[in-house]
Amino acid sequence: MAGARITPRAQDYAQWYQDVVREGGLAEAAEVVRGCMVIKPHGYAVWEKMQADLDRRFKETGHQNAYFPLLIPLSVLAKEAQHVEGFAMECAVVTHSGLKAHDGKISVKNELEEPYVVRPTSETIIGHFFKKWIDSYRDLPMLLNQWANVMRWELRTRLFLRTGEFLWQEGHTAHATHAEAQEEVARMLDVYRDFAHEVMALPVIQGVKTENERFAGAVETRCIEALMQDGKALQAGTSHDLGQNFGKAFDVTFQNQQGAREHVWQTSWGVSTRLVGAVVMAHSDDDGLVLPPRLAPIHVVFVPIWKSDAEKAQVCEAAHKLAKELREDGLGVKVDDRDNLRPGDKYYEWERKGVPLRIELGPRDLAAGTVMAKRRIAPLDANGKAVKETLSMQDLGVAVGRILDEFQRFLYERALAFREANTVVVDTWDEFVAVFKGEGSKFVHAHWDGTGATEKAIKEATKATIRCLPYDGQGPALEPGRCIKTGAPSARRVLFAKNY
RNA sequence: CGGGGCGUAGCUCAGCUUGGCUAGAGCGUUGCGUUCGGGACGCAAAGGCCGGAGGUUCGACUCCUCUCGCCCCGACCA
């Protein structure tokens, strides 16, 4: 009997997602704090894996970490008009300091002269300091990154995908020329793509956002878009060309080599804990979480099998010895030697938590000098049972390393195949409507007349939005045509989908 | 923030319509024993401010009002 259940995807995708997050031990609702989440140890460990890899990539591309305040004076936030307008409704505002007790009740005490906004993002407070720190072309480029929490007062929340508070990194850079800033925007989007492909085993499409979807205060927003198992798109990362908008708003200038003063050209780029949700929705199945090895806090779990106490002592000793060897290879290894659960219970538990490889070690294996390995997702044999692999205890690390590499590649290939099977080119409105009917969604490449009005009309009719104008080569060949909705001339197809 | 649903043991829920014994079940947990290669079983035990606050009543898990939180659908957004 299953103690805990996971609703099948086919039955209720939203419920399935919640079940996987809960049973995987990733996070839960903060309950007493509306719209916020508690990231539990296993979920936080996945985020730490992401952080470690991304941080290395940021350093390799010349960036340094820094930290700016959580609170932004309202007057500072308001300096860039479009920016404050875009975030106005989502801002939490601090208006008081201190508490006082009266009649047995606690209330706030001193009203602040100027309210603080809890950062929804940090362009403005960083703009304030860029002005102070940048004076000469010799100070440029300034390449910073911040790991931080931000708060956006969301009305409807989902664990990892949309919460009131979330964790992220935000890169902020300043450059002497627009061309250099544009290179930075493209470079960091490539970093995100590589990370998604190599570490998350998640294929993504790079592209440019429409004006409607652009970051508030940017002149151009680029993104990586991933396809989830229900056919909806998830924006997995963004990179913004801020032009001179913030440079002008905060009067960030530098003296160029000719001695003239110019406003800097800035960029910002970020990914968030939302990526944990992306991994869940991209790879997991009805048995629970599936983690790509490069994000798995535990790569291998040993389940010793025994009947007698003597056998228990022997197999556990052997399991711990092998585990130690694997840990020396840099792997996360757990030996589940609990004696209050039977092996089958352990199998299910670690599968729900997404451990890529399970190794069973019993008396028969011990005698033969082998172990039984079972991948988190394994092919079925003729009897419908998952295939287990017999591995020699000799050089186990080599075999395990190979299996984990294969599994990492398998997940990417599977996700890519899924995306290809769920990507279509559509040239008629009837076909377009049919794709998005009901809960339906796919990646749809279709022509669009380039106007915001048409974009909105399509959204109202189908709930599908333009995810991006894909990079050349990441969609169908660029060719002119007629808008799917209005029939007006279109320079190229764009990528539509319902989205998270 | 509008519409709908739901808050009772760690988890999933019953009880509420029609107010009344001592608030229940399964799973899980703890202890002992038998088990152990895909979700075992026996015996014993612990575990509840019935989400919170007011109200109606002799009496409230049950009825009324308010409030907090979660889920779903909208509108808004990463």
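Side chains included, hydrogens not; waters and symmetry mates left out as well; all remaining heavy atoms used. Numbered from 1 within each chain, the chains take letters A, B, ... in sequence-line order.
- Residues from residues 201-236 of chain A placing a heavy atom under 4.0 Å of any atom in RNA chain B, listed by number, are Q235(A).
- When each of U30(B), G38(B), G37(B) is scored by its nearest atom to the side-chain atoms of N340(A), the top-ranked nucleotide is U30(B).
- Between F496(A) and F432(A), the ring planes are perpendicular. Angles over 60° get that label, and only those under 30° would be called parallel.
- Comparing G38(B), C72(B), C36(B) by their closest approach to the side chain of K307(A) singles out C36(B).
- Rounded to whole angstrom, the span from the CD1 atom of I6(A) across to the P atom of U12(B) amounts to 14 Å.
- A donor N or O paired with an acceptor N or O is not found under 3.5 Å between the base of G38(B) and the side-chain atoms of D345(A).
- Nearest nucleotide to the side chain of R352(A), out of C77(B), G39(B), C72(B): G39(B).
- Evaluation of atom-type donor-acceptor distances gives a pair under 3.5 Å for the side chain of R358(A) against the base of G38(B).
- Remark: P of U35(B) and CH2 of W306(A) are 14 Å apart, rounded to the nearest angstrom.
- S392(A) has its side chain within reach of Q394(A): a pair of non-hydrogen atoms, C-beta onward, lies under 4.5 Å apart.
- Of the candidates G39(B), A78(B), G37(B), the closest approach to any side-chain atom of R364(A) belongs to G37(B).
- With distances taken from any side-chain atom of E90(A) to the nucleotides G37(B), C77(B), A78(B), the minimum falls on C77(B).
- Closest approach to the Q18(A) side chain among C77(B), C72(B), A40(B) is made by C72(B) (side chain taken as heavy atoms from C-beta onward).
- Y348(A) qualifies as a stacking partner of the G39(B) base, centre to centre under 5.5 Å and near-parallel within 30°.
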Please write out the pairs of protein N or O atoms and N or O atoms of nucleotides 1-5 of chain B separated by less than 3.5 Å, giving the distance to one decimal.
{"residue": "C1(B)", "atom": "N4", "partner": "L155(A)", "partner atom": "O", "Å": "3.3"}

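- Comparing G38(B), A78(B), C36(B) by their closest approach to the side chain of I305(A) singles out C36(B).
- Note on ring orientation: taking the six-membered ring where Trp is involved, the planes of W168(A) and F166(A) are perpendicular (angle over 60°, cut-offs 30° and 60°).
- Scanning atom types as modelled, no donor and acceptor separated by under 3.5 angstrom connect the side chain of E31(A) and the base of G7(B).
- Protein atom CE of M37(A) is 16 Å distant from nucleotide atom P of A78(B), rounded to whole Å.
- Comparing atom distances between the E360(A) side chain and each of G37(B), A78(B), C76(B) picks out G37(B) as nearest.
- Atom CG of L159(A) and atom C1' of A78(B) are 15 Å apart (whole Å).
- In RNA chain B, runs of at least 3 consecutive Watson-Crick or G-U pairs, each pair with both distances below 3.5 Å, span B:1-7 with B:68-74, B:10-13 with B:24-27, B:29-34 with B:40-45, B:51-55 with B:63-67.
- Set against C71(B), C72(B), G37(B), the side chain of T157(A) has C71(B) as its closest nucleotide.
- Ranking G37(B), A78(B), G38(B) by closeness to the S272(A) side chain, first place goes to A78(B).
- When the P atom of G38(B) is taken as reference, atom NZ of K346(A) falls 13 Å away, rounded to whole Å.
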